[in-house]
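In what follows, chains are A, B, ... by sequence order, proteins preceding strands, each numbered from 1. What you see is a predicted model, and the numbers here were worked out from it, not measured in a lab.
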Amino acid sequence: MEQESRDFIRSRIDEDVQSGALPGGVVTRFPPEPNGYLHIGHAKSICLNFGVAVENAGKTYLRFDDTNPAKEDESFVQAIQNDVRWLGFDWAHLTYASDYFEELYQFATNLIKYEKAYVCSLSGEEMRKQRGTLTEPGRNSPYRERSVEENLELFSRMRAGQFGDGEQVVRAKIDMSSANINMRDPVLYRIRHVRHQRTGDDWCVYPLYDFTHCICDALEGISHSLCTLEFEDHRPLYDWVIENANVNYHPPQIEFSRLGLEYTVMSKRLLARLVEEGIVSGWDDPRMPTIAGLRRRGVTPAAIRDFCARVGVTKQENRVEMNLLDFCVRHDLEKSARRGMGVLEPLKVTLTNWTEGVLQLEGPWHAQNEALGSRTLPFSGTLYIEQSDFSLAPPKKWKRLARGEMVRLRYGFIIRCDEVVMDGDQVVELKCSYFPDSRSGEDTSGLKPNGVVHWVSADQAVAVKIYEYERLFQVADPTAGSLLDDLNPHSVSIKDGFVEPAILAAQDTHFQFERQGYFCKDSENEYSFNKTVSLREGF
RNA sequence: UGGGGUGUCGCCAAGCGGUAAGGCCCCGGGUUUUGAUCCCGGUAUGCGCAGGUUCGAAUCCUGCCACCCCAGCCA
């Protein structure tokens, strides 16, 4: 259920479309820097950018913002493409900011010619000192009035590699006393003698975000440049560059709030730290809020899209509850996942009156969706049920097994617990009797068991590792300053369980283990399952 | 104390002068061989606070308050 909604950005786009202001149609772009993996916050942006384009028969660019070669890597550009496609979106054009390096250089040259930019020889430290503070204006650089000729000469020598890193920069000539610090002669170009993953050693001067982004948007004819709130302060600079560098098209920048999610962090920097410090197994650790992590966890693209739609797009700061994501995951898997039985904490059950050897029972893969067909279930006199499905001291309304009580084994027979075998205070085995005339589908026993319980046949079941995950952090709003202390020390636990053989034989990766939750086969390890999300528990 | 933003139910979020949508969570009840799903029903006399304008204000005005972002040659 991915119904579109009318948020303020879609409303704005509707107006622009209706007023005929968009001769080129709706054109958006998703512009990640290839310096890490995408997370669910990016998914919100992806759903928005690709979504509005699809809704308006427009198109979307996937543009890698690769202007800082020191931090970027080709492996990330592959991972990002993979994640965007997996989410269900495709781009009209794949571009890189570096595709435009030559044009960008020309626009910077324009700025110099128009006396709107200059080469500044201040050190980073000096520049910082002269920038002023939030409440005090900055001071003009002593190099601010260099002649056009000298600036042109210097800029071309910068490009030619005649200066070392940090020796010169190109700055916009705006207003050192602006209340908006971004307008205090921001740096447009810096020198970096670093090999770029795409342009190699062609360049040693690289443009900064504020100069690059707006021009790339213009060159690609982006009709609506959507970004997050922290760039609101940059909008005047975005507009200034477009207006002053003689770019002939001016896209509007519109900001929305980034996604916040409880009990996790949503910044590439912090996620990278978790990976680098070995706190998680990698970018695709199932506890990570990355697309890769969610995928490995068993979360589906449809669930993520639905989540993004339900969260909406506004300018409000937010931190969405995990509840909502969990709901979306169950909501999607409920329809599609095959049902099966898996026992996470086995308790041996011996049927004392069983004489049939191994019986092949049948059960539907999905009780509400016959189209999924059925599978056979081996049944025998030695079974495992869940430890938590037996109680020595059952509470009121107990719907499971207890001494002298009866339950139905799902798709099998009704059994009664006759004897409890203890080892100290541990229940180690249940001796039960079964009722031959209670077979599922042909029950003539007239018995009324407490409830229904899942099980596997001990000899036919397959031993598997089951990974269960809790929230990665123990506080709802972990911060950089206390990242390690905020971690949940019990975010993963491993159980040695058993699943019915049909689950491993099936091609499917996602299953519901009845009465337990949704699980998926781990993409990296055989005989391993990741718990995606539990079922709701209604008592 | 400068500039830019935001404040509607526990969490999201509609609303744009006519008397508080919806979703998640939660609480009741029904169906059920998953205590699941599904289905019914309930949950803000209140919209950051205080004044004002108006027949009428979450929506307009004034003044406060709270929170977020900005002083990278990161994006």
Can you check the distance between [N] and [M], where both ends of the measurement are the [atom1] atom (answer in whole Å)?
N	M	atom1	answer
B:rG46	B:rG10	C1'	16 Å
B:rG51	B:rC27	C1'	39 Å
B:rA21	B:rC9	P	14 Å
B:rC16	B:rA58	P	12 Å
B:rU59	B:rC74	C1'	41 Å
B:rA13	B:rU8	C1'	9 Å
B:rA66	B:rC24	P	36 Å
B:rA20	B:rU45	C1'	10 Å

Donor-acceptor pair (no angle test) under 3.5 Å: A:D233 side chain, B:rG3 base: yes
Base B:rU34 paired with A:Q512 side chain (donor-acceptor, <3.5 Å): yes
Parallel, tilted or perpendicular, judged at 30° and 60°: which one describes the rings of [X] and [Y]?
X	Y	result
A:F511	A:W365	tilted
A:Y384	A:F498	parallel
A:Y209	A:H234	perpendicular
A:W283	A:Y37	parallel
A:H331	A:F327	parallel

Figure out the [atom1]/[atom2] separation between [X] and [N], and round it to whole Å.
X	N	atom1	atom2	result
A:R235	B:rG4	CZ	P	11 Å
A:L237	B:rC73	CG	C1'	14 Å
A:N318	B:rU6	CG	P	14 Å
A:K531	B:rA36	NZ	C1'	13 Å
A:W240	B:rG4	CH2	C1'	20 Å
A:Q516	B:rA36	CD	P	14 Å
A:L38	B:rA75	CG	C1'	14 Å
A:M322	B:rC12	CE	P	14 Å

No-hydrogen, no-angle side-chain donor-acceptor test under 3.5 Å, A:N49 and A:S45: yes
Just to be sure I understand the rule, does [X] reach a base, reach only the sugar-phosphate, or reach nothing, if contact means heavy atoms closer than 4.0 Å?
X	answer
A:S178	nothing
A:K71	base
A:G538	sugar-phosphate
A:R269	nothing
A:G451	nothing
A:L447	nothing
A:Y411	base
A:V169	base
A:S257	nothing

Chi-angle category of B:rG23 [syn within 90° of 0, anti beyond]: anti
Taking only the side-chain heavy atoms of [X] (C-beta and beyond), determine which of [options] contains the nearest atom.
X	options	result
A:L208	B:rC74, B:rU37, B:rU8	B:rC74
A:W398	B:rC74, B:rG35, B:rC73	B:rG35
A:F231	B:rA75, B:rU37, B:rG72	B:rA75
A:H234	B:rG72, B:rC73, B:rA75	B:rA75
A:Q368	B:rG2, B:rC74, B:rU37	B:rU37
A:K397	B:rA36, B:rG35, B:rC24	B:rG35
A:K315	B:rG5, B:rG23, B:rG72	B:rG5
A:T133	B:rA71, B:rG7, B:rG4	B:rA71
A:N68	B:rU8, B:rA71, B:rA75	B:rA75
A:V187	B:rC73, B:rU6, B:rG2	B:rC73

Residues [X], [Y]: salt bridge by 4.0 Å N-O rule:
X	Y	value
A:R310	A:D306	yes
A:E500	A:R375	yes
A:R258	A:E230	yes
A:E126	A:K129	no

A:R131 side-chain N/O to B:rG2 phosphate OP1/OP2 under 4.0 Å: no
N or O in side chain of A:Q316 less than 4.0 angstrom from B:rG7 OP1/OP2: yes
A:E442 atom CD: more than 12 heavy-atom contacts under 6.0 Å: yes
Looking at [N], which nucleotide sits across from it as a Watson-Crick or G-U wobble partner, both distances under 3.5 angstrom, or is there none?
N	result
B:rG2	B:rC70
B:rC9	none
B:rC64	B:rG48

Under 3.5 Å between N/O atoms: give me all the protein pairs with nucleotides 25-27 of chain B, atom names plus distance.
from	atom 1	to	atom 2	distance (Å)
B:rC26	OP2	A:R536	NH2	3.3

Of A:G132 and A:R190, the one whose closest RNA chain B nucleotide lies more 5': A:G132
Which residue lies more 5' along RNA chain B, comparing A:F8 with A:E317 via nearest heavy atoms: A:F8
Validation row, ring centre A:Y189 to ring centre A:F211 under 6.0 Å: yes
